[in-house]
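Data block below; observations after.
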Amino acid sequence: MIDERMHEELNRQIKYELESAYLYMAMMAWFRNNGWDGMADWMKAQVQEEIVHAMKFFDHLAERGARIDLAPLELKKTTWSSPADAFHDAHEHERFITSRIHTLAKLADEVGDYASKPMLQWFIEEQIEEEASTSKVAEDLGRAGDNRSALMMLDRELGQRVFTPPASAGE
Ligand SMILES: [Fe+2]
Ligand SMILES: [Fe+2]
């Protein structure tokens, strides 16, 4: 049996991960619309990663025979003032997701939900990477400032990112 609060928070996390995917898809659209194809591709990989995250929570609940409830998704923003502005928001969003994961981990300890802990540990480590990668790009873009050729070089570099499904852990 899964603790009721834990059950509710794990369900809620599916929505947060899908909202992450939707936010990054909005950024992908904004980059595409503004001619930053490399950054759009970077975001595409990010969207795919967030869908994998949502699936992990979904499958976890399914495997435990717990009811899965989906909620409507919210999208607060669809336009940014610059590539740096978008990546700054992406980093802020990842910090929020980290706090959500930590809340889940704390709750798992509180209610003794040992079954979710390996998965949550995987997410704790994943979030370190998520924060690091978004903050690195935001920093690089900030440093490039308005220098068009520096921005174009970064765009090309960021376009090299390919999506590799994360190694399954906590399963
Ligand atoms: Fe995520
Ligand atoms: Fe993320």
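Counting starts at 1 for both ligands and their atoms, following the listed order. Remember, predicted model here, so these are calculated numbers, not experimental data.
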R100 side chain vs E9 backbone, donor-acceptor pair below 3.5 Å: yes

I'd like to know if the side chain of N11 and the backbone of R67 have a donor-acceptor N/O pair within less than 3.5 Å. yes

Check for me whether the distance between the ring centres of F87 and F31 falls short of 6.0 Å. yes

Centroid separation under 6.0 Å, is that true for the rings of F123 and H53? yes

Is the distance from the Fe ion (ligand 1) to some N, O or S atom of E17 under 2.8 Å? yes

N, O or S atom of E50 closer to the Fe ion (ligand 1) than 2.8 Å: yes

Would you name the N/O/S atom of E94 that lies closest to the Fe ion (ligand 2)? OE2

Which atom, among the N/O/S set of E130, is closest to the Fe ion (ligand 2)? OE2

So do I14 and H60 actually touch side chain to side chain, heavy atoms under 4.5 Å? no

As a test of reading the structure, name the N/O/S atom of H53 that is nearest the Fe ion (ligand 1). ND1

